[in-house]
There are 2 protein chains.
Amino acid sequence: MDNKIKLRNAGLRPTKQRIIIADILLNGFNRHFTAENLQNEISISGNKMSIATVYNCLKKFKNAGLIKQVESYTDTAIFDTNNVSHHHFLNEETGELIDIDNNEINLIKLPDIPKGFINSGVDVIIKLKKNN
Amino acid sequence: MDNKIKLRNAGLRPTKQRIIIADILLNGFNRHFTAENLQNEISISGNKMSIATVYNCLKKFKNAGLIKQVESYTDTAIFDTNNVSHHHFLNEETGELIDIDNNEINLIKLPDIPKGFINSGVDVIIKLKKNN
DNA sequence: CAAGTAGTTTAGAACCATTTTAAAGTAAAA
DNA sequence: TTTTACTTTAAAATGGTTCTAAACTACTTG
Ligand SMILES: [Mn+2]
Ligand SMILES: [Mn+2]
Ligand SMILES: [Zn+2]
Ligand SMILES: [Zn+2]
């Protein structure tokens, strides 16, 4: 595999562990996974890796732009006295949320809903950063 | 306060603790907060409540429709081999995510961005539930 | 190649938000 | 009033993630 080279190009040392992970992840098929998912696949591939290393590698891969992490917006549970359906601005610096009325947003084009499912709600988050 | 009545109408027993929380939360001003935020405000109001009770009450309030919880989509960190900006379907039953290309979604109307900030990215999550 | 050094891996501990446990307390029902 | 179901609580448990610090390994320099 040229995953060794992919790692080098990304500015990462091609360690044994990183190559194992690159072989699993960087094969052209996109997927979502947790650290634990990945550790299991590493086991299945006949290797063994500490969970700390799995997290370390994922962080490096992410910072190098090889993968992304799905944004979560909230480390801790956030409650909201506004119990009407609405969207949010997210101040990326502070984590503060600001309500957006549903009628302030208009989604003109929606993707086809996967067969067998129905749209049960759309959430829009507009991230904010300071203007200069 | 008629918060005792509000609680009754919501099908909740108006305990001392629930009334303290209702007095803080259900005053007509909307806000976002964590369990810890609320516990602090309870202290400031001259009362004392265990964190377990704060969580218990928030869960009850939520199930009764008095407040909402901001959705987080992920209890655990989810990584994504698709490192191009994109949106997601969320299977609410399983937590599974499915990619949506950015060009599959068109936001025709956006709210005014708060003064001093710029839009640094929009995330759309379309929740899915089983059809029938 | 050495030898040095900077970066990496690891087991295990720590962290911390949230949930569970189980016992004591309280509100509503009978 | 007595009973029953529900609620509160301190403390322990849980579980994902990060930290610690020691062993290891990839790269650099001579
Ligand atoms: Mn932590
Ligand atoms: Mn947990
Ligand atoms: Zn809100
Ligand atoms: Zn994705």
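Throughout, a chain's letter reflects where its sequence line sits, starting with A, and its residues are numbered from 1.
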message: On a heavy-atom basis, which atom in A/I19 and which in A/K4 lie closest, and how many Å separate them?
response: CD1-CG, 4.1 Å

- request: Specify the separation, in whole Å, of atom CD1 of B/I21 and atom C1' of D/dT7.
  value: 12 Å

query: Got more than 12 heavy atoms from elsewhere within 6.0 Å of CG, B/N131?
result: yes

query: So, is A/R8 close to the D/dA26 phosphate, meaning a side-chain N or O under 4.0 Å from OP1 or OP2?
result: no

task: Whole angstrom is fine here: how far is it from NZ in A/K16 over to P in D/dC24?
output: 13 Å

- prompt: Without hydrogens or angle criteria, can the side chains of A/N56 and A/T53 be said to hold a donor-acceptor pair below 3.5 Å?
  reply: no

task: Verify the contact: side-chain N or O of A/K60 to OP1 or OP2 of C/dT8, cut-off strictly under 4.0 Å; return yes or no.
output: yes

query: Got a sec: does the CD of B/E104 have more than 12 other heavy atoms crowding it under 6.0 Å?
result: yes

statement: Atom CD1 of A/I51 and atom P of D/dT20 are separated, to the nearest Å, by 19 Å

- request: Report the distance from atom NZ of B/K4 to atom C1' of C/dA28, rounded to the nearest whole Å.
  value: 12 Å

message: I need the CD1-P distance between A/I20 and C/dT8, as an integer number of Å.
response: 16 Å

query: Heavy atom of residues 71-81 of chain A under 4.0 Å from DNA chain C: which residues?
result: A/T76, A/A77

field: A/T15 side chain near C/dG7 phosphate (N/O to OP1/OP2, under 4.0 Å)
entry: no

statement: Of the candidates D/dT9, C/dT10, D/dT17, the side chain of B/Q17 sits closest to D/dT9

- prompt: Could you state the OH-C1' distance from A/Y55 to C/dG12, rounded to the nearest angstrom?
  reply: 16 Å

message: Looking at D/dA10, I'd like to know if its phosphate oxygens (OP1 or OP2) sit under 4.0 Å from a side-chain N or O belonging to B/K48.
response: yes

- line: Angle separating the five-pair end axes of the helix from C/dC1-D/dG30 to C/dA30-D/dT1, nearest 10°, is 20°

- prompt: Any chance CG of B/D75 has more than 12 other-residue heavy atoms, nucleotides or ligands included, within less than 6.0 Å?
  reply: no

Nearest-Å distance for atom pair CE/P, residues B/M49 and D/dT7: 14 Å

field: Candidates D/dT7, D/dT8, C/dA11 - which lies nearest the side chain of B/T53
entry: D/dT8

query: Taking atom CD of A/E92 and atom OG of B/S120, what is their separation to the nearest 0.5 Å?
result: 3.5 Å

query: Do A/V122 and A/L90 sit in the same hydrophobic cluster, where Ile, Leu, Val, Met, Phe, Trp and Tyr count as joined when their side-chain heavy atoms come under 4.5 Å apart?
result: no

- prompt: Do you see a donor-acceptor pair shorter than 3.5 Å between the side chains of A/D80 and B/H32?
  reply: yes

query: CZ of A/R13 versus P of C/dA6: gap in Å, rounded?
result: 10 Å

task: Would you mind telling me which of C/dT20, D/dT8, C/dG12 lies closest to the side-chain atoms of A/A52?
output: C/dG12

- prompt: Closer to the 5' end of DNA chain D via nearest nucleotide, is it B/S50 or A/Q69?
  reply: B/S50

field: Spatial distance of atom CG (A/L58) from atom CZ (B/F79) [nearest 0.5 Å]
entry: 4.5 Å

task: Before giving the answer on side-chain contact (heavy atoms from CB on, under 4.5 Å), spell out for A/L110 and B/N106 the whole-Å C-alpha distance, their side-chain angles and the decisive distance to 0.1 Å.
output: CA-CA 7 Å; A/L110 278 180; B/N106 201 345; over 6 Å; no

